[in-house]
Amino acid sequence: MAGTKRVRVFVATTRGAVRVVRISAENPAVRSALCLSGSLAALPVSADYDSFVREPTGVVERLTGHPVYRTDLSAAIDGGESWQLGLFLAHMLKREDLLAEGDAPAETDLLVTGRVDRDLNVGAVDHVGAKLERAGTAASGHGFFVLPASGDIPDSTEGWSLLPVDHPEQALLACLGPDISETLFGASRQTSPDGKERAGPRKRSAVMAGIAVAGGLTAILYGSINRYQEAEPERESVGAGSMMQVEIVPREQLGCGVPVVLPPKTGVFDGAACAGIVTVRRNGEFRIRASVSGGFLTYADADRYRRELHRVAAGGDQLVLRIDFPYWMRQPLRLDVEVTQLAMDGQPVQFAGRSIELRPSGHFHY
C-alpha cells in the first residue's frame with residue numbers, strides 16, 4: 001500500500017501512553033517478547049504476551065500466520081490484560097504495513113485500552129478515565145481513544161475522539177475505512193480450526209450513530225453511547241450450544257468443593273478453583289480439548305495443563321474431560337475448551353468452544 005499514511009498505536013496505562021515502536025517477526029523456535037525499545041531484556045509481561053500471540057491460546061497467530069514476535073515499546077507495561085486490544089490492533093496494522101513504526105509519520109493516533117478474548121470480544125478494564133487523563137494529546141492531530149463499550153466511558157475527551165468498541169474491527173473501520181477493515185478481518189470470519197465457518201463480529205450499531213468518510217479518515221459521530229441495540233447471538237454450528245457443559249470445581253478451605261455449572265454466556269469465574277470439567281452427553285465420536293494458560297507457564301510444564309480426549313460415545317454414554325489448575329496461582333488464568341464432533345470419515349461435523357477467565361483471588365484491577 002505505497003503512499004498510504006500510517007497509524008500510530010499507543011497502549012493507555014495509568015502511568016501514561018506507551019507507544020508501540022516496532023513489531024518484528026522472530027524465529028518460531030523462541031518465545032514472543034515485549035521489550036523496551038532497543039533493550040536486550042524482555043519485560044516480565046512477555047510470558048502473557050507469548051500466550052496472547054501463539055495458538056492454541058492466542059489470537060494473533062490465527063490472523064497473521066506467524067507464532068512469534070518481538071514488540072518494542074516506548075515504556076514498560078507492568079502486567080494485567082488491558083494492553084491486549086492495543087497490541088492486537090498494532091499486529092493487524094503491521095500485517096498490512098499500516099503501522100507507523102520508529103520515526104515514521106502517522107495520519108492517525110490510536111490510544112487503546114481493553115481486553116480481548118479468544119472470540120475477539122473486547123472486555124472492560126478499570127481506570128479508564130485516569131489512563132485518558134495521563135495520555136497527553138494526539139501528536140498527529142487525529143486521535144481516537146479506543147475503549148471497551150461495555151465499561152466506563154469518560155466524561156472528558158482530553159482532545160481525543162472517544163471510540164467505544166466491542167470488537168477490534170470497529171476501531172480499524174473508524175480510522176481506515178470499510179475496505180481495509182474487511183481486508184484485515186475477512187479471514188477471521190472464514191473458517192475455524194475444524195474447517196467450519198465462524199461467525200463475524202457482534203454488531204452494536206448504536207455505539208456509533210454514524211460514520212462519515214472524509215479524505216480516507218472515518219469520523220465517528222455518535223449520539224448516546226448508552227443506547228445499544230441487542231447484540232446478535234454468537235453463532236456456532238447447529239446444535240453446538242447444547243453439545244457440551246463446562247463446570248468449575250471451586251477450591252475451599254478443606255479441599256475441593258462441589259462442581260459449579262457455568263452458564264453458556266459466563267466468561268469469568270471469581271475465586272480459587274481446583275479444576276475444570278468438560279462434559280459431552282451425546283452419542284457419536286468426539287474430540288475434546290482443554291488447556292490452561294497464564295504467566296505460570298514460564299516455569300511450569302506446559303504439557304501438564306493441556307488435555308485431550310478422543311472417544312466414541314454410544315448408548316447414552318457421557319464423555320468427561322477434567323483439567324487441574326495450578327493450586328498456587330493468585331493471578332488470572334484462562335481456561336480454553338473445545339469440543340468437535342466427527343463424522344465416520346473423521347471429518348469435523350460440529351464445533352463448540354468456550355474461553356473462561358479464572359480469577360483465583362477474586363476481582364482484579366487491570
Exercise. Donor-acceptor pair, Arg134 side chain versus Ala12 backbone, under 3.5 Å?
Worked result: no

Exercise. Between atom NE2 of His91 and atom CD of Glu96, what is the distance when rounded to the nearest 0.5 Å?
Worked result: 14.0 Å

Exercise. Does Arg311 come within less than 4.0 Å of Asp317, counting only side-chain N to carboxylate O?
Worked result: no

For this session: Can you measure from CG (Leu98) to CD (Glu107) and round to the nearest 0.5 angstrom?
Result: 10.5 Å

Exercise. How many angstroms lie between OG in Ser46 and CZ in Arg70, if you round to the nearest 0.5 Å?
Worked result: 9.5 Å

Exercise. Between Asp345 (side chain) and Gln347 (backbone), is there a donor-acceptor pair under 3.5 Å?
Worked result: yes

For this session: Taking all heavy atoms of Ser291 and all of Arg306, pick out the closest pair and write down the distance.
Result: CB-CG, 4.0 Å

Exercise. Atom CG in Asp152, atom CG in Leu132: separation rounded to 0.5 Å?
Worked result: 12.5 Å

Exercise. Does Thr57 reach the main-chain N or O of Ser51 with its side chain, forming a donor-acceptor pair under 3.5 Å?
Worked result: yes

For this session: Please report the closest heavy-atom contact between Ala135 and Leu111, naming both atoms and the distance.
Result: CB-CD2, 3.3 Å

For this session: Spell out, yes or no, whether Leu309 and Val339 are grouped together once hydrophobic residues are joined by side-chain heavy atoms under 4.5 Å, including indirect joins.
Result: yes

Exercise. Roughly how far, to the nearest 0.5 Å, is CG of Leu89 from CZ of Phe144?
Worked result: 12.5 Å

Exercise. Between Leu73 and Val68, is there a shared hydrophobic cluster once you connect ILVMFWY residues whose side-chain heavy atoms come closer than 4.5 Å?
Worked result: no

Problem set entry | Cluster check Leu358, Val260: I/L/V/M/F/W/Y, side chain < 4.5 angstrom | no

For this session: Determine the minimum heavy-atom distance between Arg22 and Glu101, stating which atoms define it.
Result: CA-OE2, 3.2 Å

Problem set entry | From Asp48 atom CG to Phe296 atom CZ, the distance as rounded to the nearest 0.5 Å | 10.5 Å

For this session: Without swapping roles, check the side chain of Arg31 against the backbone of Tyr49 for a donor-acceptor pair under 3.5 Å.
Result: no

Exercise. Going only through I, L, V, M, F, W and Y residues with side-chain contacts under 4.5 Å, is there a path from Val261 to Val320?
Worked result: no

For this session: Step by step, work out the side-chain contact (heavy atoms from CB on, under 4.5 Å) result for Glu81 and Arg334.
Result: CA-CA 12 Å; Glu81 293 181 327; Arg334 186 165 295 278; 4.0 Å; yes

Exercise. Short question: side chain of Thr64, backbone of Val60 - any donor-acceptor pair under 3.5 Å?
Worked result: yes

Problem set entry | Check: Thr13 main-chain N/O paired with His127 side-chain donor or acceptor under 3.5 Å | no

Exercise. Would you say the side-chain atoms of His310 and Glu285 include a donor-acceptor pair closer than 3.5 Å?
Worked result: yes

Exercise. Under 3.5 Å, is there a donor-acceptor pair between the side chain of Trp160 and the main chain of Leu110?
Worked result: no

Exercise. Of all heavy-atom pairs between Val21 and Ser74, which one has the smallest distance, and what is that distance?
Worked result: CG2-N, 3.7 Å

Problem set entry | Contact summary for Leu172 and Met92, nearest pair of heavy atoms | CD1-CB, 4.0 Å

For this session: Mind listing the closest non-hydrogen atom pair of Tyr69 and Ser32 along with its distance?
Result: N-OG, 2.9 Å

Problem set entry | More than 12 heavy atoms of other groups within 6.0 Å of Asp155 CG | no

Exercise. Under 3.5 Å, side chain of Glu61 to main-chain N/O of Glu55, donor-acceptor pair present?
Worked result: yes

Exercise. Less than 4.5 Å apart, any side-chain heavy atom of Leu147 and any of Pro154?
Worked result: yes

Exercise. Salt-bridged, Asp117 to Arg115, with N to O below 4.0 Å?
Worked result: no

Problem set entry | Short side-chain to backbone donor-acceptor contact, Arg118 and Pro56, under 3.5 Å | yes

Exercise. After noting the C-alpha distance and the side-chain angles of Val59 and Gln84, does the key distance pass the side-chain contact (heavy atoms from CB on, under 4.5 Å) rule?
Worked result: CA-CA 10 Å; Val59 293; Gln84 291 178 346; over 6 Å; no

